[in-house]
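Everything on this sheet refers to the single structure shown next.
Order of the sequence lines sets the chain letters (A, B, ...), proteins ahead of strands, with each chain counted from 1. Fair warning: this is a prediction, and the values are worked out from it, not measured in the lab.
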Amino acid sequence: MDDRYRPREIEPRWQKMWHDTKMYFVKEDAMKPKFYTLVMFPYPSGDLHMGHTRNYTIGDLIARFRTMQGYNVLNPMGWDSFGLPAESAALKEGIHPSVRTPDNIARMKEQLYKTGMIYDWDREVASYQPDYYKWTQWMFLLMYERGLAYRKRASVNWCPSDQTVLANEQVVNGQCERCGAEVIKKDLTQWFFRITEYADRLLNDLDLLEGWPERVRTMQRNWIGRSTGAEMEFPVEGHDEKIKVYTTRPDTVFGATFLVLAPEHPLVAVITSAEQKQEVESYITLARKRTDIERLSTEKEKTGVFTGAYATNPMNGERFPIWVADYVLGTYGTGAIQAVPGSDERDHAFAIKYGLPIMTVVQPEGEFVVAGDDPAVAPVLKQGSDVPVYTGPGVMVNSGPLDGMPTTESKDATIALLEAEGKGKRATSYRLRDWLISRQRYWGAPIPIVYCDDCGEVPVPLEQLPVVLPTDVEFTPDGQSPLLRVESFVNAPCPRCGKSARRETDTMDTFVDSSWYFLRFCDPHNTEAPFDPAKANYWTPVDQYTGGVEHAILHLLYSRFFMKVLADAGWVQAQEPFLRLFTQGMITLGGAKMSKSKGNVVPVDDMIERYGADTARLFVLFIGPPDEDAEWSDRGVEGMHRFLNRVWRLFEGKVTVGSGSSHGQALGDYSKSDRDLLRKVHLTISKVTFDIERFHFNTAVSAIMELANTMQAYRDAHGPQTSAYSEAATNLLLLLAPMAPHIAEEIWQASGGSDSIHRQPWPAVNEELAAAEVVTVVIQVNGKVRDKVELPADVGQDEAINAAMQSERVKQYLDGKEPKKVHYVAGRLVNIVI
RNA sequence: GCCGGAGUGGCGAAACGGCAGACGCAAGCGACUUAAAAUCGCUCGGGUGAAAGCUCAUGCGGGUUCGAGUCCCGCCUCCGGCACCA
């Protein structure tokens with residue numbers, strides 16, 4: 001072994017060995033338990049920084065750890081390589097994305113290689129390649145066949161900067177998630193996936209995902225936003241139409257004093273009276289012009305206009321006015337509400353502004369008086385601001401058959417009443433909208449649809465896939481799909497009748513590409529199908545998925561949707577794609593996320609050059625709890641480099657490693673100091689194993705450091721040539737192997753270890769060696785530590801308490817008196833209560 | 001407003017209801033060296049004390065318990081998600 005630790009010499013050597021021997025290439029193996037670990041595949045932007053390294057180091061550690069534990073481990077890598085960033089960069093630099101993308105991939109692959117990441121590269125996929133997106137198009141057709149892909153004209157989100165439509169999920173606070181531009185609404189005919197059909201299952205199955213962070217499950221629950229209530233029909237005076245209303249508080253129907261329609265509601269034009277027509281139309285025009293941001297900023301001030309029409313309350317026959325207001329959303333519920341200003345703050349504000357009647361129908365329990373007994377407490381139909389709004393629980397008043405009923409029962413009772421009289425029914429509503437997948441941009445998978453004058457919209461048949469994305473395209477965005485300009489692409493024969501027809505020219509949202517890639521990894525070379533179900537069923541669900549929390553809704557919800565659709569179609573068995581999810585924190589520099597544009601990156605190449613990959617890897621594991629953000633520290637990384645140098649020196653002077661947990665001698669043959677060292681070894685095995693299992697990598701590294709410190713002290717006293725030291729050294733390397741794989745491999749092979757260290761079994765805890773011989777029992781008086789005493793590990797309660805009572809300190813506190821009570825925690829603590 | 005998560009030394013952080021601050025960074029002192037680097041050793045939450053020790057201390061206020069950073073109740077602050085969703 002070299003006398004100095006030289007990572008630049010040893011790391012490339014072992015990387016080559018792992019790579020050349022295809023050490024981590026795997027096949028299905030029914031005899032072994034499988035473990036599918038996956039890190040979210042990256043967008044190939046070019047250069048990796050330490051934020052990425054944290055992510056991939058965790059993935060690599062899991063793969064190596066589970067392999068040593070005897071699992072058949074699938075750890076693949078691929079490239080999420082369609083999408084806007086490549087296109088924007090290409091426009092800026094004048095390099096075509098089809099050239100730039102493979103270059104970037106090659107660069108990132110090289111950096112992963114140099115960091116010692118191991119993947120089954122035989123399974124590499126890239127979503128921009130035709131042999132991948134052929135199957136993305138197949139997925140579209142599957143959706144289409146099952147009635148889950150459809151085209152409709154709708155008011156959609158449009159990013160004026162990126163010049164394309166966006167999914168709801170890609171609009172954050174009224175701004176484009178990618179570029180921050182203010183999103184506007186446009187009426188366009190677009191393709192959607194009917195994810196709302198799966199809303200219930202996507203919500204309910206979140207309960208099964210116990211291996212997911214609570215935070216992510218909550219975010220998905222909020223996003224799906226299920227509420228339950230009722231739909232009710234309100235007849236319109238002088239018209240046959242009835243207005244359907246959705247409400248979560250059907251029990252307050254007796255307090256409804258007007259109806260409100262969203263500006264987009266189709267009945268607005270039908271029911272509006274001649275006198276009000278002009279006012280209503282100009283209001284609607286105004287409302288449509290407002291962006292989401294404007295609507296948010298005017299949150300307090302509600303606006304609306306009277307339609308001139310009247311409706312009848314189905315429960316009590318009351319006649320009341322119908323208004324139009326944009327505080328009611330056209331896209332939620334039925335786009336129409338019953339306004340109950342006595343029980344809803346928004347309706348109350350609106351009623352006050354426009355002088356509409358307010359009536360109390362719910363009263364707080366304690367204040368209940370029989371309706372009519374005291375008009376001051378139970379006001380009947382009053383106008384003005386003196387009738388307060390009350391939204392809490394209570395008792396129904398002014399509500400006919402519901403009077404006196406507590407609100408805990410009134411909701412169900414009202415629904416029963418509505419259903420019995422045929423005036424309404426129980427209903428559920430969701431915040432989730434269908435997923436808009438069309439994009440008017442170039443760098444994506446073409447939507448496999450042809451429009452024929454005779455046959456209409458025709459899906460491209462499987463044997464004609466892929467619909468290839470042409471490369472000779474002028475793709476500067478102008479609000480229209482760039483593919484429209486390519487005659488040879490647009491003009492295509494109708495697959496059904498053969499007459500000349502036109503192709504769909506929009507491409508798919510890149511989130512479609514990434515919604516199924518984890519399945520392609522199971523069978524990446526299949527030319528007949530997206531994957532062989534038998535192989536997919538062997539590997540899926542993914543046992544451990546790792547990635548950034550920024551995908552909590554978009555990617556993770558879409559993938560779950562795809563998995564359920566594929567399960568329904570019989571392609572997979574699992575209902576959920578990702579069994580356990582880990583969301584790692586960012587690494588920040590100067591308090592901000594590392595990013596090239598901000599210029600605050602620590603490139604992984606620099607770290608490898610200066611300290612080697614193992615130092616970089618170990619440091620990002622040690623930097624803090626892996627699910628929390630952590631600030632980069634140059635000093636910290638130097639400390640970690642010092643540690644690896646210390647490890648190196650522990651092996652100076654012919655230290656021999658053997659098999660991990662065997663020890664040739666009986667326990668009694670070891671000296672006291674040997675036994676102490678071995679105890680530390682086995683306690684460390686136990687702690688590191690436990691900590692890796694529960695993703696506490698920072699404390700796993702600490703534990704290994706402690707072991708190294710203990711070994712150093714032992715070595716200073718007894719030298720390295722003892723069997724106890726050899727066993728300690730062996731286990732130290734094995735524990736370090738998944739985290740710092742190169743140095744572990746180098747020392748292993750230089751110290752007589754057989755084969756690769758990465759093919760050794762993970763060390764087992766020897767309970768006999770781990771067992772303590774003596775314990776330090778803490779002696780408390782009234783819960784405060786006053787003394788400690790060393791006792792044999794198998795000490796009984798009586799001896800321990802006895803020993804405690806002998807303590808001089810305890811005697812001082814007792815002052816001759818008898819203790820009131822004594823608590824004993826076996827082998828740990830005696831608490832004397834005085 | 002609703003829903004999650006988090007508040008511990010100078011810093012990153014540890015602690016099955018049982019010795020608060022492991023491990024590391026920074027800092028200080030010392031050894032080695034002509035010197036520096038590297039390496040090694042010691043100190044390192046506050047107050048008090050010569051020391052042993054005593055005492056205060058895990059965002060704030062209560063509570064449960066022999067014993068609370070940890071459990072319960074009520075607050076405060078920060079981070080994240082949702083939000084005119086009827």
Tell me the interatomic distance from [X], atom [atom1], to [N], atom [atom2], rounded to whole angstroms.
X	N	atom1	atom2	value
A:Asn222	B:rG81	CG	P	11 Å
A:Ile224	B:rG81	CD1	P	17 Å
A:Asn168	B:rC82	CG	P	11 Å
A:Arg226	B:rC3	CZ	C1'	16 Å
A:Arg786	B:rG18	CZ	C1'	16 Å
A:Asp627	B:rG5	CG	P	12 Å
A:His641	B:rU39	NE2	P	9 Å
A:Leu618	B:rC25	CG	P	12 Å

Between [options], which one does the side chain of [X] approach most closely?
X	options	result
A:Val785	B:rC19, B:rG24, B:rA86	B:rC19
A:Trp223	B:rC40, B:rA86, B:rC82	B:rC82
A:His823	B:rC66, B:rA86, B:rG4	B:rC66
A:Ile553	B:rC84, B:rG81, B:rA86	B:rG81
A:Met219	B:rA22, B:rA83, B:rG80	B:rG80

Describe the nucleic acid contact of [X] in one word from base, sugar-phosphate, nothing, applying a heavy-atom distance below 4.0 Å.
X	result
A:Arg642	sugar-phosphate
A:Arg431	base
A:Gly639	sugar-phosphate
A:Arg646	sugar-phosphate
A:Arg828	base
A:Asn645	nothing
A:Arg221	nothing
A:Val833	sugar-phosphate
A:Arg4	nothing
A:Tyr813	sugar-phosphate

Provide the Watson-Crick or G-U wobble partner of [N], both distances under 3.5 Å; none if there is no partner.
N	result
B:rG4	B:rC79
B:rC84	none
B:rG24	B:rC11
B:rU65	none
B:rC29	B:rG41
B:rG74	B:rC60

(request) Please say which of A:Phe651, A:Trp648, A:Tyr611 ends up in a ring pair (Phe, Tyr, Trp, His ring centres under 6.0 Å) with A:Tyr5. (result)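 Considering A:Phe651, A:Trp648, A:Tyr611, a ring pair (Phe, Tyr, Trp, His ring centres under 6.0 Å) with A:Tyr5 is found only for A:Trp648.
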
(request) In plain terms, say whether A:Arg217 and A:Glu210 are close enough for a salt bridge, that is, a side-chain N and a carboxylate O under 4.0 Å apart. (result)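 Judged by the 4.0 Å cut-off on N to carboxylate O distance, A:Arg217 and A:Glu210 do not form a salt bridge.
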
Less than 4.0 angstrom between a side-chain N/O of [X] and OP1 or OP2 of [N], yes or no?
X	N	result
A:Ser429	B:rA86	no
A:Tyr327	B:rA86	no
A:Arg635	B:rA26	yes
A:Lys821	B:rC66	yes

With no angle test and no hydrogens, is the base of [N] tied to the side chain of [X] by a donor-acceptor pair under 3.5 Å?
X	N	answer
A:Asn831	B:rC66	yes
A:Gln780	B:rG18	yes
A:Lys788	B:rC19	yes

(message) Under a plain distance cut-off of 3.5 Å, with no hydrogens placed, do A:Arg226 and A:Asn204 share a side-chain donor-acceptor pair?
(response)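 There is such a pair between these side chains.
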
(message) Looking only at side-chain N and O atoms, does A:Thr588 offer a donor or acceptor that is under 3.5 Å from a partner on A:Asp629?
(response)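 Looking only at side-chain atoms, A:Thr588 and A:Asp629 do not form any donor-acceptor pair under 3.5 Å.
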
Please report the distance separating the [atom1] of [N] from the corresponding atom of [M], rounded so that it comes out in whole Å.
N	M	atom1	answer
B:rA14	B:rA20	C1'	9 Å
B:rU64	B:rG69	P	16 Å
B:rU77	B:rG63	P	24 Å
B:rC40	B:rG49	P	37 Å
B:rG1	B:rU70	C1'	30 Å
B:rC75	B:rG81	P	25 Å
B:rG28	B:rA13	P	24 Å
B:rG5	B:rU55	P	37 Å

Show the nearest heavy-atom pair for residues [X] and [Y], with the distance to one decimal.
X	Y	answer
A:Ala336	A:Lys244	CB-O, 3.5 Å
A:Thr615	A:Met640	O-CG, 3.8 Å
A:Ala770	A:Arg679	O-CG, 3.5 Å

(request) Begin from the C-alpha positions of A:Asp347 and A:Lys302 and carry the test salt bridge (charged side-chain N to carboxylate O under 4.0 Å, His left out) through to its verdict. (result) CA-CA 10 Å; A:Asp347 298 344; A:Lys302 297 194 195 324; over 6 Å; no

(request) For residues A:Phe350 and A:Trp323, establish whether the separation of their ring centroids is below 6.0 Å. (result)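 Yes - the distance between ring centres of A:Phe350 and A:Trp323 falls below the 6.0 Å cut-off.
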
Quick test: give all pairs of protein nitrogen or oxygen and nucleotides 6-15 of chain B nitrogen or oxygen below 3.5 Å, distance rounded to 0.1 Å.
from	atom 1	to	atom 2	distance (Å)
B:rG12	O2'	A:Ile623	O	2.6
B:rA14	OP1	A:Asn698	ND2	3.0
B:rA15	OP1	A:Arg694	NH2	3.3

(request) Side-chain contact test, heavy atoms from C-beta onward, threshold under 4.5 Å: evaluate it for A:Val789 versus A:Gln806 and give yes or no. (result)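 SC-SC contact between A:Val789 and A:Gln806 ruled out.
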
(request) Go through the structure and list residues passing side chain to side chain donor-acceptor pair (under 3.5 Å) with A:Glu169, not counting sequence neighbours. (result)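 A:Trp223, A:Tyr558.
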
